[in-house]
Amino acid sequence: MAKELLGKCIASIRNHTDIPYEIIVIDNGSNDGTDEYCRKERITFVSLPWKHAVSDACNLGLRLSTGENLLLLKHDVLASRKWLSGMLQGLNSQDDIGIVRPSLTPIQIHQNKHVADEDVLERCILFKRDLLNKIGFLQTPQLFADRVFHDYCSRASQAGYQLMIAGKVKLNPDSTIERVAAHTP
């Protein structure tokens, strides 16, 4: 299932991203053929032999990345038209913007289950390498290990950065997070 979702995610990035980008896949201990898929598609990847903390897997990808703008994206996210350029516009709109994430609207996914605000945040964040250099890599929070991106946003906020909601990201084929006017939460 994860390989299938990853394939849809990467196809959506390729189809809906109109600016240069780099993809690095961190296969976090799966055995579903993700490594073969990445080889076939000529995608840079690291296949970890066992499941690591999400923060450790993301940090490995960040260490391998070469860009000045860094995006952490879960494999179950589908990009929509000009999603990245919209998020980058928000990131570059003010010097104190630290992290941009997709907009929040009432959305539903699989079998009419609602996605909470934190769940949207935990799927996609965009930030500059300067932020990474200032506040460091992701950490696994003590209380909620599955809230790694939320923890990173909190650390950015504590360092004086603003968080912004912007851009379009489609979470699955049946529902879309629509772009709203960029604003700080």
Side-chain angles (χ1 to χ4, degrees), residues 6 9-10 13 17 19-29 43-48 50-79 82-105 115-169 171 177 179-185:
L6 176 65
C9 175
I10 290 175
I13 291 168
T17 308
I19 56 177
Y21 60 90
E22 169 186 38
I23 295 177
I24 299 171
V25 171
I26 305 300
D27 181 8
N28 198 3
I43 297 169
T44 301
F45 75 100
V46 174
S47 187
L48 300 174
W50 63 85
K51 188 168 177 65
H52 290 71
V54 171
S55 57
D56 294 340
C58 289
N59 288 338
L60 178 57
L62 291 170
R63 284 183 178 92
L64 295 173
S65 67
T66 61
E68 288 303 312
N69 299 305
L70 306 168
L71 180 91
L72 296 174
L73 184 70
K74 298 271 178 97
H75 69 285
D76 61 349
V77 175
L78 298 180
K82 296 192 179 195
W83 69 290
L84 185 55
S85 56
M87 290 180 71
L88 282 167
Q89 182 180 3
L91 185 65
N92 294 313
S93 65
Q94 294 174 212
D95 290 340
D96 66 342
I97 300 297
I99 296 176
V100 174
R101 66 173 174 84
S103 62
L104 293 176
T105 59
V115 175
D117 292 356
E118 287 90 17
D119 291 335
V120 173
L121 174 59
E122 289 300 322
R123 284 177 161 68
C124 179
I125 59 173
L126 173 69
F127 53 97
K128 294 180 181 179
R129 186 169 298 279
D130 290 343
L131 177 71
L132 178 69
N133 292 337
K134 183 168 183 178
I135 69 171
F137 287 92
L138 280 73
Q139 300 171 354
T140 301
Q142 289 184 333
L143 292 178
F144 300 103
D146 60 338
R147 298 290 184 224
V148 175
F149 294 179
H150 186 273
D151 178 71
Y152 202 68
C153 289
S154 295
R155 289 175 45 216
S157 183
Q158 290 169 0
Y161 289 94
Q162 298 291 317
L163 308 178
M164 179 178 274
I165 301 169
K168 283 184 174 181
V169 175
L171 292 179
I177 299 177
R179 180 176 172 81
V180 296
H183 65 281
T184 54

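By convention here, the first residue in the shown sequence is residue 1. Owing to the predicted nature of the structure, the values given are computational and were not obtained by experimental measurement.
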- prompt: Sequence neighbours excluded, which residues qualify as side-chain contact (heavy atoms from CB on, under 4.5 Å) partners of Ser157?
  reply: none
task: Mind checking side-chain hydrogen bond (donor to acceptor under 3.5 Å, both in side chains) for Asp130 and listing every partner two or more places apart, or none if nothing turns up?
output: none
message: Which residues pass the side-chain hydrogen bond (donor to acceptor under 3.5 Å, both in side chains) test with Asp27, not counting sequence neighbours?
response: Ser30, Ser47
task: Let me see the working for Leu138 and Asp151 under side-chain contact (heavy atoms from CB on, under 4.5 Å), right down to the final yes or no.
output: CA-CA 8 Å; Leu138 280 73; Asp151 178 71; over 6 Å; no
task: Please answer whether the main-chain N or O of Leu70 pairs with a side-chain N or O of Arg129 as donor and acceptor at a distance below 3.5 Å.
output: no
message: Just verifying a value: how many Å separate Ile125 CD1 and Leu91 CG, rounded to the nearest 0.5 Å?
response: 11.0 Å
message: Going by side-chain contact (heavy atoms from CB on, under 4.5 Å), name the residues that satisfy it together with Arg63, two or more places apart in sequence or in a different chain.
response: Asn59, Phe137
query: Any donor and acceptor pair, going by atom type alone, linking the side chain of Arg155 with main-chain N or O of Ile135 inside 3.5 Å?
result: yes
message: Determine whether Arg101 and Cys153 satisfy the following criterion, side-chain contact (heavy atoms from CB on, under 4.5 Å), listing intermediate values before the conclusion.
response: CA-CA 10 Å; Arg101 66 173 174 84; Cys153 289; 5.6 Å; no
- request: Check whether the ring centres of Tyr152 and Phe127 lie less than 6.0 Å apart, and answer yes or no.
  value: yes
statement: What one should report as the nearest heavy-atom pair of Ile23 and Ile43 is CG2-CG2, 3.7 Å
task: Supply the atom-to-atom distance Leu62 CG to Leu132 CG, rounded to the nearest 0.5 angstrom.
output: 5.5 Å
message: Distance check, rounded to the nearest 0.5 Å: Ile26 atom CD1 versus Phe45 atom CZ?
response: 10.0 Å
query: Looking only at heavy atoms, which two atoms of Tyr21 and Thr17 are closest? And how far apart?
result: CD2-CG2, 3.6 Å
Set of residues satisfying side-chain contact (heavy atoms from CB on, under 4.5 Å) with respect to Asp95, sequence neighbours excluded: none
- prompt: Which heavy atom in Leu71 sits nearest to a heavy atom in Cys124, and how many Å separate them?
  reply: CD1-SG, 3.8 Å
message: Can you give me the closest heavy-atom contact between Ser55 and Val148, atom names plus distance?
response: CB-CG1, 3.8 Å
task: Given side-chain contact (heavy atoms from CB on, under 4.5 Å), test Asn69 with Leu84 step by step and report yes or no.
output: CA-CA 11 Å; Asn69 299 305; Leu84 185 55; over 6 Å; no
- prompt: Taking atom types as modelled, is there a side-chain donor on Asn92 or Lys128 under 3.5 Å from an acceptor on the other?
  reply: yes
message: Tell me every residue that passes side-chain contact (heavy atoms from CB on, under 4.5 Å) with Asn28, counting only those two or more places apart in sequence or in another chain.
response: Leu48, Lys51, His52, Ala57
message: Applying side-chain contact (heavy atoms from CB on, under 4.5 Å) to Leu60 and Ile24, what does each step give before you reach the verdict?
response: CA-CA 10 Å; Leu60 178 57; Ile24 299 171; over 6 Å; no
- line: Correct closest heavy-atom pair for Leu131 and Ala156 would be CD1-CB, 4.0 Å
- prompt: How far does CE of Met87 sit from CD1 of Ile99, to the nearest 0.5 angstrom?
  reply: 10.5 Å
- prompt: What distance separates Leu163 CG from His150 NE2, expressed to the nearest 0.5 Å?
  reply: 9.0 Å
task: Please say whether the positively charged group of Lys74, taken as NZ for Lys or CZ for Arg, lies over the ring of Phe149, i.e. under 6.0 angstrom from the six-membered ring centre and within 45 degrees of the axis.
output: yes
task: Can you measure from CG (Leu73) to CZ (Arg123) and round to the nearest 0.5 angstrom?
output: 10.5 Å
